[in-house]
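Source: prediction; values computed, not measured.
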Amino acid sequence: MARIAVLISGGVDSAVVVDKLYKEGHDLHLFYIRIGMDNGEGDCSAEEDIEMCSVIANRYGLPLEIVPLHDEYWEHVMDYTLKTVEKGLTPHPDMMCNKMIKFGFFEQRRGHEYDAVATGHYASIKEINGLKFLATAADPVKDQTDFLAQISYAQLSHLMFPLGELPKKEVRVLAQEAKLPNANRKDSQGICFLGKINYADFIERKLGTKEGPVVEIETGKKIGTHKGYWFYTIGQRKGLGLSGGPWYVVKKNIRDNVVYVSNGYDTTMQYGRKINVEEMNWITLNPFEDCKIPELFQVNDSRLKIAFKTRHSPDFLRGEMVALPAGGYRVESETDVQGIAPGQFVTVYTPDCELCLGSGMISLPEKSRRHRKNPGHSPKGK
């Protein structure tokens with residue numbers, strides 16, 4: 001029997017985790033991480049979640065503790081999000097939330113007191129030659145390893161993912177068989193703890209608006225206006241307000257507040273095959289430097305065979321990762337990659353798509369990086 005801290009959210013996944021571990025005989029302590037709104041007011045969705053968590057705790061006679069991490073969340077996750085958006089990049093707040101809040105500050109505050117921390121993430125952990133690796137879930141659609149790919153080995157070593165071997169449909173069935181009160185509750189949407197808040201409204205409230213031109217990149221013709229480059233991401237199609245589509249965002253000029261678009265489903269402007277990667281986080285080991293398990297990695301002349309993702313999707317891309325002499329890496333895809341958005345992350349897997357090795361941030365092309373030095377932008381300008 002292990003003493004396990006279970007992070008619960010009020011949703012069906014974490015409730016099934018509680019039921020599963022309770023029936024296995026473990027000593028459980030339930031925790032709900034509370035993040036208030038940035039204006040200091042309460043969050044209605046959080047109140048609903050906490051009420052459901054209390055029902056689950058009472059059902060099994062388990063202690064439930066609310067852990068407030070408001071300041072840590074806004075200082076480390078939302079500050080990162082706003083600064084990234086303001087630079088014209090595309091942030092990944094969910095990834096940072098897992099790294100900094102759920103498995104960072106919570107671990108420091110309470111999680112370290114227990115044998116393990118369990119969550120309802122769809123992921124697995126595999127041990128090979130005495131080393132633990134983050135591994136993909138049995139359900140490829142629900143797999144969340146791309147949201148976990150910035151965690152450290154120390155964090156991974158203290159985690160449990162009891163749902164890793166279960167398809168989502170089976171989780172729903174287990175919840176119904178256990179007569180859990182949230183068995184049919186819809187899965188939550190949105191950014192991490194922000195609940196029902198509208199992301200665009202949040203960005204506008206923080207960064208304001210600044211009108212600029214929407215330009216067709218092939219012709220240089222202005223075809224519309226936008227309210228600020230920070231509302232748009234490379235590869236975006238919806239929400240552009242342009243007729244005669246589809247239109248895709250293919251480039252942004254941060255200095256001049258210009259959003260460039262290209263027309264058509266097959267436009268080559270929305271695709272690329274080379275992706276520069278910086279700030280790479282290798283979870284367990286760096287295969288370029290420490291091949292303790294050479295049979296897992298195919299490294300030849302500083303080139304590593306990989307599967308990878310650039311967005312949350314059940315589908316993997318194939319290619320090679322190249323270690324660059326000046327530092328950093330480049331992913332070279334075997335097929336076209338749609339909407340390569342600087343600021344987002346490339347998540348790297350073994351070629352069999354089973355082990356998640358880590359992730360790194362997609363960096364700006366060198367020319368764009370030089371242009372970004374003097375953006376000439378005042379975010380709050382209306």
Side-chain angles (χ1 to χ4, degrees), residues 73 75-104 134 144-153 155-156 191-192 199 203 229-236 249-252 254 270-289 302 304 306-313 316-317 319-333 337-349 356-373 375:
Y73 178 74
E75 180 179 352
H76 294 275
V77 177
M78 295 318 297
D79 184 63
Y80 144 80
T81 299
L82 291 170
K83 286 180 178 178
T84 302
V85 169
E86 189 175 347
K87 291 176 182 176
L89 307 177
T90 303
H92 200 323
D94 289 298
M95 185 178 280
M96 289 302 156
C97 184
N98 285 325
K99 175 182 180 179
M100 302 298 297
I101 304 301
K102 293 178 182 175
F103 310 135
L134 178 63
Q144 293 174 300
T145 51
D146 52 324
F147 292 130
L148 297 165
Q150 277 286 303
I151 65 175
S152 68
Y153 185 74
Q155 290 171 325
L156 178 69
I191 300 173
C192 200
Y199 179 69
I203 294 298
Y229 65 80
W230 47 95
F231 290 102
Y232 305 90
T233 186
I234 303 300
Q236 179 177 336
V249 175
V250 295
K251 182 181 177 182
K252 295 188 290 184
I254 308 308
Q270 65 162 314
Y271 296 102
R273 290 201 177 192
K274 293 185 178 180
I275 307 169
N276 290 331
V277 181
E278 61 185 35
E279 301 177 14
M280 183 67 196
N281 174 63
W282 299 105
I283 299 173
T284 301
L285 52 81
N286 182 339
F288 290 99
E289 298 177 357
S302 296
L304 173 70
I306 61 169
F308 69 97
K309 296 181 181 182
T310 58
R311 55 176 47 84
H312 185 58
S313 166
F316 293 86
L317 300 167
E320 291 184 328
M321 193 168 201
V322 183
L324 302 177
Y329 302 89
R330 183 176 62 245
V331 170
E332 298 180 357
S333 179
V337 182
Q338 191 267 338
I340 300 171
Q344 277 285 6
F345 287 77
V346 174
T347 306
V348 178
Y349 299 82
C356 177
L357 303 179
S359 67
M361 190 178 74
I362 299 173
S363 59
L364 284 165
E366 189 61 35
K367 185 182 296 185
S368 299
R369 203 178 290 131
R370 289 197 299 269
H371 287 170
R372 194 183 61 177
K373 290 181 179 179

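No donor-acceptor distance shorter than 3.5 angstrom exists from the side chain of K309 to the backbone of D146, with no hydrogens or angles considered. Counting only distance, with no hydrogens or angles, the side chain of Q150 and the backbone of M96 share no donor-acceptor pair below 3.5 Å. A side-chain donor-acceptor contact under 3.5 Å links Q155 to the backbone of F103. For the pair S363 (side chain) and E278 (backbone), a donor-acceptor distance under 3.5 Å is absent. No donor-acceptor distance shorter than 3.5 angstrom exists from the side chain of N281 to the backbone of S152, with no hydrogens or angles considered.
For T284, there are no side-chain hydrogen bond (donor to acceptor under 3.5 Å, both in side chains) partners, not counting sequence neighbours. Residues passing the side chain to side chain contact (heavy atoms under 4.5 Å, CB included) test with K83 are D79, sequence neighbours excluded. Remark: F308 engages no residue in a ring-ring contact (aromatic ring centres under 6.0 Å, His included) (not counting sequence neighbours). By the side-chain hydrogen bond (donor to acceptor under 3.5 Å, both in side chains) test, S333 is found to be paired with no residue, residues two or more places apart in sequence or in another chain being considered. For the salt bridge (charged side-chain N to carboxylate O under 4.0 Å, His left out) test, no residue two or more places apart in sequence or in another chain qualifies with E279. In this view, Q344 satisfies the side-chain hydrogen bond (donor to acceptor under 3.5 Å, both in side chains) rule with no residue, not counting sequence neighbours. Applying the ring-ring contact (aromatic ring centres under 6.0 Å, His included) criterion to F231, with sequence neighbours excluded, gives no partner residue. When the side chain to side chain contact (heavy atoms under 4.5 Å, CB included) test is applied to A323, the partners found at least two apart in sequence or on another chain are F288, S302, Y329. Residues passing the ring-ring contact (aromatic ring centres under 6.0 Å, His included) test with F316 are Y349, sequence neighbours excluded. For F147, the ring-ring contact (aromatic ring centres under 6.0 Å, His included) test picks out H92, H312, with sequence neighbours left out. Shown here are the salt bridge (charged side-chain N to carboxylate O under 4.0 Å, His left out) partners of R330, two or more places apart in sequence or in another chain: E332. For E320, the side chain to side chain contact (heavy atoms under 4.5 Å, CB included) test picks out R303, K305, with sequence neighbours left out.
Across all their heavy atoms, R311 and Q338 have their closest contact at NH1-O, 2.9 Å. For the pair S359 and M95, the tightest heavy-atom approach, listed with the atom from each and the gap, is OG-SD, 3.8 Å. Of all non-hydrogen atoms in L304 and W282, the two that sit nearest each other are CD2-CH2, 4.3 Å. For the residue pair I283 and I151, the shortest heavy atom distance occurs at CG1-O, 3.6 Å. For the residue pair C97 and V77, the shortest heavy atom distance occurs at CA-CG2, 3.9 Å.
The shortest side-chain heavy-atom distance between I340 and I362 falls under the 4.5 Å cut-off. You'll find the side chain of W230 stays beyond 4.5 Å of the side chain of E86, heavy atoms only. In this structure, T90 and I234 have side chains that are not in contact, with every pair of non-hydrogen atoms separated by 4.5 Å or more. Put simply, the side chain of L82 reaches to within 4.5 Å of the side chain of I203, judged on heavy atoms.
Put simply, CG on L357 and CD1 on I306 are 8.5 Å apart, with the number rounded to the nearest 0.5 Å. The structure places CG of D94 at 12.0 Å from CD1 of I101, a figure rounded to the nearest 0.5 Å. With values rounded to the nearest 0.5 angstrom, T84 atom OG1 is found 10.0 Å from M78 atom CE. One finds the CE atom of M361 at 6.0 Å from the CG atom of L89 (value rounded to the nearest 0.5 Å).
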